[in-house]
Amino acid sequence: MSLNRREFLGRTAALTGAAMLPTATLAADKIQLGSILDTSGIFDAYGKPMDQATRLAVAEINANGGLLGREVEIIDYDTQSDMALYSQYAQKLTRQDQVDVVHGGILSASREAIRQTMRKTQTLYFYNVQYEGGVCDRNMFATGVTPAQQVEVLVPYAMKKSGPRVHILAADYNYGQITARWIQKFVQDNGGEVVATDFFPLDVSDFGSTITKIQQTAPDLIVAPLVGGAHLSFFRQWAAAGMKDKIPLASTTLGVGNEHKVLTPEEGNGIMVAYNYSQELDTPENKAFKEKWQAAYGDTKAIHELAVSTYQGILLWAEGVKKAGSIDRDPVIEALETGIAIVGPAGNIAIDPQTHHVTLDVHIMEFEDQGMTVIETLNQVAPVDTQAVCNLQENPDDNTQYEIEI
Amino acid sequence: MDISFVILVEMLYAVASLVLISAGLAVVFGMMKVINLAHGEFMMMGGYATITAVGLGVNVFVAMLIIAPIVVGLIGLVVERLVIRHLYGRLIDTMLATWGLSLVFIGLATMIFGNTTTGISTPITGFAVGGYQVSGYNFFIIVVAVLLVIAMIAVLKGTRAGLIARGTMQRSDMAAALGYSPDRIYMATFFCGSALSGLAGAILAPLVGLVPSSGGAYIAEAFITVIAGGPSLIAGLVSSATTFGVVNQVFTFAISPVIGEVALLIAAVILLRAMPQGITSRFFRGRL
């Protein structure tokens, strides 16, 4: 038999293709959920419980027979609190492992490091963290609270309790910069004034001069979107200087990583926050969630806002898959855009089709003896900040993070 | 008036913490010409020793001022016997070896304590100066640094052991000829240097969140302070810590903490360009 080169190439290609077929179907047996989180390093207080929540949610889905009759498998990478590892592992997840969906990213810097990779490879992406808002990307769903949901309720409450002159201390990267601007907007909207804004790189841990400076500006209130373990020193040094009972503190981040349990009651009591979740929420869903967590991990101490967001994000995705009857990206997005809702540990949470963000309950809370006591609850708050700038129904190709102008 | 006092305290605090951070390195580098790149990790271990001891119910001051220096000093002793003593006089080799040690210590601390931020709260409360609140702990650090400098002068100038140590540093062969074993003197010096690093780490522990890689944050400042100080051990340490502490705080108050750090580094570059052998090669010559 004689073969010319073209025939030879054609046949070998067909053969190799046929040889690969069984493995391809085998891999498709399980639905693959990629998880990319900092489970070690300075952000591990955020990442570890998020990882536990991911496992809990997936175990629960599998215990109920999986999705579309298939088991869900987690493929996870620990990014070690190193932003450079995010892009590397995102490539691995999307190109090598070719997962069906990715849940993960903690800091806004990490989200922006991987978001475009997800978009390019058409891998559906869930960012389950409270953040500065404004990301308009059809490929991404954000299931955490945004400034309009959080700052808009927190700032007026805190200002009413203290006064109109506000000093902002923020982490120096996109989250802190943008959130600081939101805080400024809501302070002004409520007739207040921002007397100073300071930004700190994430590794700054000496706040001595800052504390003196704050006393010079003598504000009525401090709002502190500080992030990570090093910045926790601020609250410690603030209390050590004896300032805690002189100028009230509000934060948009303290407590999402259970920082209220690391700080002693003397350091933490009275700090004002606003989130979607508190362990002290008295609902049957929260009780059931805490029991499940207890059974899986021994105690519920580690549960925090971001863990619950992650858990709810995965359940929302699972609802979308069920409704779509498919694991492919486009049908799932279309199913999610019908406004899918679940009742999670933090209450009812619904996808907002226009922005791919969520409508959820927000609670104003105060730290009290290492817990968060709910002061006031606002039901079903819509992400109006992102809605004002983003409409994925009209403009599905949008791929921008909008920032607020003042 | 109040504010100038508060800023003065902050400046003294910055100088004092530089003295504390650098003292251990200054002893080991200044007296033995050993570059200890694991200095930051010795500090980190001092911090963990303190937190562990406090967790076991020890009084926090006992833990910081006694337990941590002894624990880290003993670790230093082991390191000296096993590694450093084989490398005296080989500058590059000691750098490489101690860098390896720093990686080992970070790894060990991660295995034992986990890569999680820990900390203890500050044991001293703040107080008011006029309209301002000042951290009482800053005063504690200033006092410890002053006592430390006085103790170092007293030991090196006033005791026979200090005399022998200084003699060995200048001419180890002559000290050996007079019947003193340089090997043992180096061992004791390294123990003291490590203990000082441990003390610094312990005292700074309540101010920060501690992770196994915390040491890296101190190493640059410590080296800059010691190198810019020059040949005299104590005069060099105090003069360069003062220079950098003041520069850092002036810019921190005038602009921002980030600019303060930048100003410190720029000051170091200018200083070393003008005085390549360090401050004490031109001023305070021949002092201790």
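Side chains are part of it too, since the values below use all heavy atoms of this structure and drop only hydrogens, waters and symmetry mates. In what follows, chains are A, B, ... by sequence order, proteins preceding strands, each numbered from 1.
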Do the side-chain N and O atoms of A:Asp78 and A:Thr39 include a donor-acceptor pair separated by under 3.5 angstrom? yes
Side chain, backbone, both or neither of A:Ser81 within contact of chain B (heavy atoms, under 4.5 Å): neither
Return yes if a side-chain donor-acceptor contact under 3.5 Å exists between A:Glu366 and A:Thr373, otherwise no. no
In terms of heavy-atom pairs under 4.5 Å, which option from B:Gln249, B:Met11, B:Gln133 contacts chain A the most? B:Gln133
Is it the case that B:Ser22 and B:Glu221 place a side-chain donor and acceptor less than 3.5 Å from each other? no
Looking at OG of A:Ser278 and NE2 of A:His304, how far apart are the two atoms once the value is rounded to the nearest 0.5 Å? 13.5 Å
A:Asp172 portion near chain B, given a 4.5 angstrom heavy-atom threshold: neither
Proximity breakdown for B:Ile124 and chain A, heavy-atom pairs closer than 4.5 Å: backbone
Heavy-atom check, side chain of A:Gln237 versus side chain of A:Phe235, under 4.5 Å: no
Interchain contact, B:Glu261 with chain A, by part (heavy-atom threshold 4.5 Å): neither
Using a 4.5 angstrom heavy-atom cutoff, name the option from A:Val204, A:Asp206, A:Leu232, A:Thr264 with the most pairs to chain B. A:Asp206
Only pairs of heavy atoms separated by less than 4.5 Å count here; which of A:Ala218, A:Gly208, A:Ala239 has the most with chain B? A:Gly208
Bottom line for B:Tyr132: the part with an atom under 4.5 Å from chain A's heavy atoms is both
Could you tell me which portion of A:Ala45 (side chain, backbone, both or neither) has an atom closer than 4.5 angstrom to a non-hydrogen atom of chain B? neither
Hey, are the side chains of A:Pro219 and A:Val166 touching, using non-hydrogen atoms and a 4.5 Å cut-off? no
Considering only heavy atoms, which portion of A:Ser40 lies under 4.5 Å from any heavy atom of chain B: side chain, backbone, both, or neither? both
Cut-off 4.5 Å, heavy atoms of chain A, and the answer for B:Pro206 is backbone
Kindly check if the number of other-residue, nucleotide or ligand heavy atoms within 6.0 Å of CZ (B:Phe105) is above 12? yes
Answer yes if the side chains of A:His103 and A:Ser35 hold a donor-acceptor pair under 3.5 Å, and no otherwise. no
Will you find, in the side chains of A:Thr79 and A:Asp38, an N or O donor that is under 3.5 Å from an N or O acceptor? yes
Could A:Arg111 and A:Glu132 be called an ion pair, given the rule that one side-chain N must be under 4.0 Å from one carboxylate O? yes
Check each atom of A:Gln216 against the heavy atoms of chain B and say whether the ones under 4.5 Å are side chain, backbone, both or neither. both
Would you confirm whether A:Lys244, through its side chain, and A:Gly268, through its main-chain N or O, come within 3.5 Å as a donor-acceptor pair? no
Would you say A:Tyr175 and A:Thr252 are linked by a side-chain donor-acceptor pair, where the criterion is simply a distance under 3.5 Å? yes
Please look at B:Val258 and chain A and tell me whether the side chain, the backbone, both or neither of the residue comes under 4.5 angstrom of a heavy atom of that chain. side chain
Tell me the residues of residues 193-200 of chain A whose non-hydrogen atoms fall below 4.5 Å from those of chain B, in number order. A:Phe200
